[in-house]
Amino acid sequence: MAAKEAFLAVVLLLSLLSSPLPSGAQASVFPVNVWPKPTSMSWAEPLAAIPVSASFRIVGTSGNSPYLVSATQRYTALLFAERYRPIVRPAVNVTAGGPALQSLTVSVSDLSAPLQDGVDESYELEILPTGVATITAATVWGAMHGLESFSQLAWRGRQGELLVAAGVRVEDKPLYQHRGLMLDTGRTYFPVVDILRTIDTMAANKMNVFHWHITDSQSFPIELPSEPMLAEMGAYGEDMRYTVKDVQRIVEFAMSRGVRVVPEIDAPGHTASWAGAYPEAVSCAGKFWLPDASDWGSRLAAEPGSGQLNPLEPKTYEVVANIINDITSMFPEGLYHAGADEVTPGCWETDPSIQADMEKGGTLSQLLERYVRAVHPHVVSKNRTVVFWEDVLLDVEVNVSSSVIPPATTILQTWNNGANNTKLIVQAGYRAIVSSASFYYLDCGHGDFVGNNSVYDDQRSDYKTDGGSWCGPFKTWQRVYDYDIAYGLTAEEAKLVIGGEVALWTEQADSTVLDARIWPRASAMAEALWSGNRDASGRKRYAEATDRLNDWRHRMVGRGIRAEPIQPLWCRTRPGMCDLVR
């Protein structure tokens, strides 16, 4: 107990030093709230709610898009099916016998605006006490966000009656255009239904990019028309593959929720799963990943599953070209993620053909540059912008020059060294997607997955502070929420940060824990990237976000999402009693 008390004392001191004391609920915290918090929301006093008519319907303007039609039908059904009762009963006036809400009118000025990077997602929502409600948006995608906000302003009263907040006005738009989640299906196969549920929950959180890390060294689970042997030899099994129809279903489902699907085929590293089909194209395949456990420099891969494409082998480019052609035909998204992270020198150095090339004066960076010079223009020729992990430019041992990856057609995704690498990327003129492992990696803190590891056998204390996880400790929702992805950047540099992604690498995750690993921590990032993590005075608002996130998690669970709790229920029913600082 003494150690725990000392720890709490340190936390208290840091809290007092790092930020002003919380001053209680702000005026913008209401009995019923929207997550993520809108840019602007007002609720006229005295706070009131009106019943929703049993004949309520959502009415769209003429010439509606099929996506808007399906969204109005979906939210109408949700409104009546959801049995959400707030943990703390809202203290609002409900006028008996007053007007009921008969309809919600949705007006969209540009029904044909495509779902693409930078599309206008703004909307305005108004619910009048007279029983009139409207959503006005520039695009269908903004209107969908308005429908979600409307659904979160409804709840069940004491007798089970359906109520909605009245006298409410919302003016809303995202702070960042790219608000994503990366899911790794190369290490663990997830059934399509899990992916659809995840995308549906992303839409509810106003997240708009599903970054699908499809393949990795462990498996190649996607069937490609031009390269069927990759899945035949590289998938875990016949029932653990994504067919062309599966991809079409996922892409279309995501589109109907306003979510873009960005495909990633990681290469030239992380490609051991390609060796079953094309052993001649993969260096060091099948070799033990860490020849000398006492020398990290001897590694052939960043983790078990060694194998990298050989840039000197002509077959490499034939296969990669076919993959690019197939993936860009299957995914309409304007971004193509080509990976290029963690190219391990040790792997290439074991390959006889590469050894011979190096003896002639060649370098590993020249090898990578040769590969990227072939891949980058091919992707661009498909009218795509190429996304690479930061390593392609910033890795100390194997990298390419910026001339090979022009900023106009390249986005870099950062994952190492927090704000430092983000700054290096934008200073080089690149747009950045921020996924800093120290803040946004949702898999961290569960220890390592390698076997016969003696580092845990320490009877004297816990294993350091990272619990044996390279990126530990566990990233709490507060850690995610408080991250400023443009920290340390000038105003001009910050303009190049298009947004961020939380990432779930799945060495230790499958369907049984998927929801809890992602939610509600991804919700924390969703709000930080939608409306920021500070109040109007510039103060971090994690204090008032706690109750709101408790409520949102409660609603998500009611919608069938097994989101993990962030506090005991006792805390939410006794406001302020679980705060660290009174």
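Numbers for residues simply follow the sequence, beginning at 1.
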**OP:** Report the C-alpha separation of Leu514 and Leu183 in whole Å, then their side-chain angles, then the decisive distance to 0.1 Å, and conclude whether the side-chain contact (heavy atoms from CB on, under 4.5 Å) test is met.
**Re:** CA-CA 10 Å; Leu514 178 63; Leu183 179 64; 3.9 Å; yes
Original post:
So does Lys37 pair up with Glu527, basic N to acidic O under 4.0 Å?
Top reply: no
Original post:
Does the distance from a Lys or Arg side-chain N to an Asp or Glu carboxylate O, for Asp443 and Arg517, drop under 4.0 Å?
Top reply: no
**OP:** Answer yes or no: is there a side-chain heavy-atom contact under 4.5 Å between Gln413 and Glu501?
**Re:** yes
Original post:
With a 4.5 Å limit on heavy-atom distance, are the side chains of Val59 and Leu104 in contact?
Top reply: no
Original post:
Asn33 side chain to Val29 main-chain N or O, any donor-acceptor pair under 3.5 Å?
Top reply: no
Original post:
Got more than 12 heavy atoms from elsewhere within 6.0 Å of CZ, Arg249?
Top reply: no
Original post:
What's the verdict on side-chain contact (heavy atoms from CB on, under 4.5 Å) for Trp415 and Glu390, showing C-alpha distance, side-chain angles and the deciding distance?
Top reply: CA-CA 7 Å; Trp415 63 281; Glu390 62 177 27; 3.7 Å; yes
Original post:
Within a strict 4.5 Å, meaning less than it, do heavy atoms of the Tyr336 and Val387 side chains meet?
Top reply: no
**OP:** Please answer whether the main-chain N or O of Gly576 pairs with a side-chain N or O of Arg582 as donor and acceptor at a distance below 3.5 Å.
**Re:** no
Original post:
Between the side chains of Ser531 and Arg541, does any donor sit under 3.5 Å from an acceptor?
Top reply: yes
Original post:
Hey, are the side chains of Ile250 and Val192 touching, using non-hydrogen atoms and a 4.5 Å cut-off?
Top reply: yes
Subject >> More than 12 heavy atoms from other groups under 6.0 Å of CZ on Arg534 >> reply: yes
Original post:
With a 4.0 Å cut-off, would you call Arg559 and Asp200 a salt bridge?
Top reply: no
Original post:
Looking at Lys423 and Glu493, does any basic side-chain N land under 4.0 Å from a carboxylate oxygen?
Top reply: yes
Subject >> Distance-minimising heavy-atom pair for Asn421 and Thr414 >> reply: CB-OG1, 3.4 Å
Original post:
With a 4.0 Å cut-off, would you call Glu333 and Arg384 a salt bridge?
Top reply: no
Original post:
Looking only at heavy atoms, what is the nearest atom pair of Leu125 and Gly146, with distance?
Top reply: CD2-O, 4.2 Å
**OP:** Start with the C-alpha gap between Lys540 and Asp484, add the side-chain angles, then the distance that decides, and say whether salt bridge (Lys or Arg N to Asp or Glu O under 4.0 Å) holds.
**Re:** CA-CA 10 Å; Lys540 288 283 183 74; Asp484 293 324; 3.6 Å; yes
Original post:
Is it true that the NZ or CZ of Arg257 lies under 6.0 Å from the centre of Phe253's six-membered ring and within 45 degrees of the ring axis?
Top reply: yes
Original post:
Do you see a donor-acceptor pair shorter than 3.5 Å between the side chains of Tyr483 and Ser436?
Top reply: yes
Subject >> Qualifying residue, where the test is side-chain contact (heavy atoms from CB on, under 4.5 Å) with Thr422 and the options are Leu496, Ile485, Leu489 >> reply: Leu489
Original post:
Minimum heavy-atom separation for Leu68 to Ala143, with atom names?
Top reply: CD1-CB, 4.1 Å
**OP:** Start with the C-alpha distance between Tyr67 and Trp141, add both sets of side-chain angles, then the distance that settles ring pair (Phe, Tyr, Trp, His ring centres under 6.0 Å), and finish with yes or no.
**Re:** CA-CA 9 Å; Tyr67 295 118; Trp141 322 112; 5.7 Å; yes
Original post:
Does any pair with a residue in residues 173-182 pass salt bridge (charged side-chain N to carboxylate O under 4.0 Å, His left out), and if so which ones, sequence neighbours excluded?
Top reply: Glu121-Arg179
Original post:
Do Arg548 and Asp551 meet the salt-bridge criterion of a basic N to acidic O distance under 4.0 Å?
Top reply: no
Original post:
Taking atom types as modelled and ignoring hydrogens, do the side chains of Asp194 and Ser511 form a donor-acceptor contact shorter than 3.5 angstrom?
Top reply: yes
Original post:
Do Arg156 and Tyr84 have side-chain heavy atoms sitting under 4.5 Å apart?
Top reply: no
Original post:
More than 12 foreign heavy atoms under 6.0 Å from CZ of Arg241: is that the case here?
Top reply: yes
**OP:** Determine yes or no for a side-chain-to-main-chain donor-acceptor pair under 3.5 angstrom, with Trp477 supplying the side chain and Ile566 the backbone.
**Re:** no
Subject >> Neighbour count above 12 (heavy atom, 6.0 Å) for Arg57 CZ >> reply: no
Subject >> Arg169 backbone acceptor or donor facing Trp43 side chain under 3.5 Å >> reply: no
**OP:** Take Tyr75 and Phe150 through the test ring pair (Phe, Tyr, Trp, His ring centres under 6.0 Å) and record every step on the way to the result.
**Re:** CA-CA 9 Å; Tyr75 277 102; Phe150 175 81; 8.8 Å; no
Original post:
Can we call the ring centroids of Tyr242 and Tyr189 under 6.0 Å apart?
Top reply: yes
**OP:** Kindly indicate whether the side chain of Asp515, heavy atoms from C-beta on, has any atom under 4.5 Å from the side chain of Arg197.
**Re:** yes
**OP:** Evaluate side-chain contact (heavy atoms from CB on, under 4.5 Å) for Met202 paired with Phe210, printing each intermediate quantity in order.
**Re:** CA-CA 8 Å; Met202 289 176 62; Phe210 176 62; 4.0 Å; yes
Original post:
Can you check whether Trp212 and His337 have ring centres sitting under 6.0 Å from each other?
Top reply: no
Subject >> Side-chain donor or acceptor of Ser53 paired with backbone N/O of Ser55 under 3.5 Å >> reply: yes
**OP:** Please determine, by modelled atom types, if Tyr123 and Thr139 share a side-chain donor-acceptor pair under 3.5 angstrom.
**Re:** no
Subject >> Full working for side-chain hydrogen bond (donor to acceptor under 3.5 Å, both in side chains) between Ser149 and Lys206 >> reply: CA-CA 9 Å; Ser149 293; Lys206 297 186 176 70; 2.9 Å; yes
Original post:
Do you see a donor-acceptor pair shorter than 3.5 Å between the side chains of Glu252 and Gln248?
Top reply: no
Subject >> Minimum side-chain heavy-atom gap Leu504-Asp184 below 4.5 Å >> reply: no
Original post:
Quick check: does any side chain N or O of Arg260 sit under 3.5 Å from a backbone N or O of Asn208, one acting as donor and the other as acceptor?
Top reply: no
Original post:
Just by distance, do the side chain of Arg431 and the backbone of Leu412 share a donor-acceptor pair under 3.5 Å?
Top reply: no
**OP:** State whether a side-chain donor-acceptor pair under 3.5 Å links Glu126 with Thr134.
**Re:** no
Subject >> Phe439 six-ring face occupied by Arg479 cation (under 6.0 Å, within 45°) >> reply: yes
Subject >> Intermediate values then yes/no, ring pair (Phe, Tyr, Trp, His ring centres under 6.0 Å), Trp389 and His213 >> reply: CA-CA 12 Å; Trp389 292 103; His213 182 90; 7.1 Å; no
Original post:
Can you tell me if Asn93 uses its side chain to pair, donor with acceptor, with the backbone of Ala48 under 3.5 Å?
Top reply: no
Original post:
Could you go step by step and tell me if Ser256 and Met144 meet the side-chain contact (heavy atoms from CB on, under 4.5 Å) rule?
Top reply: CA-CA 9 Å; Ser256 73; Met144 287 184 186; 5.5 Å; no
**OP:** Locate the shortest heavy-atom distance separating Pro38 from Asp172; write the atom from each residue and the value.
**Re:** CA-OD1, 3.3 Å
Subject >> Least distance between heavy atoms, Ala49 atom then Val92 atom >> reply: CB-CG2, 4.0 Å
**OP:** Begin with the C-alpha distance, continue with both residues' side-chain angles, and end with the deciding distance and a verdict on side-chain hydrogen bond (donor to acceptor under 3.5 Å, both in side chains) for Gln478 and Thr476.
**Re:** CA-CA 5 Å; Gln478 299 99 320; Thr476 67; 3.2 Å; yes
**OP:** Taking Thr243 for its side chain and Asp246 for its backbone only, find out whether a donor-acceptor pair lies under 3.5 Å.
**Re:** yes
Original post:
Do Val106 and Leu147 touch side chain to side chain, with heavy atoms closer than 4.5 Å?
Top reply: yes
Original post:
Can you check whether Ala509's main-chain N or O pairs, donor with acceptor, with Thr188's side chain at less than 3.5 Å?
Top reply: yes
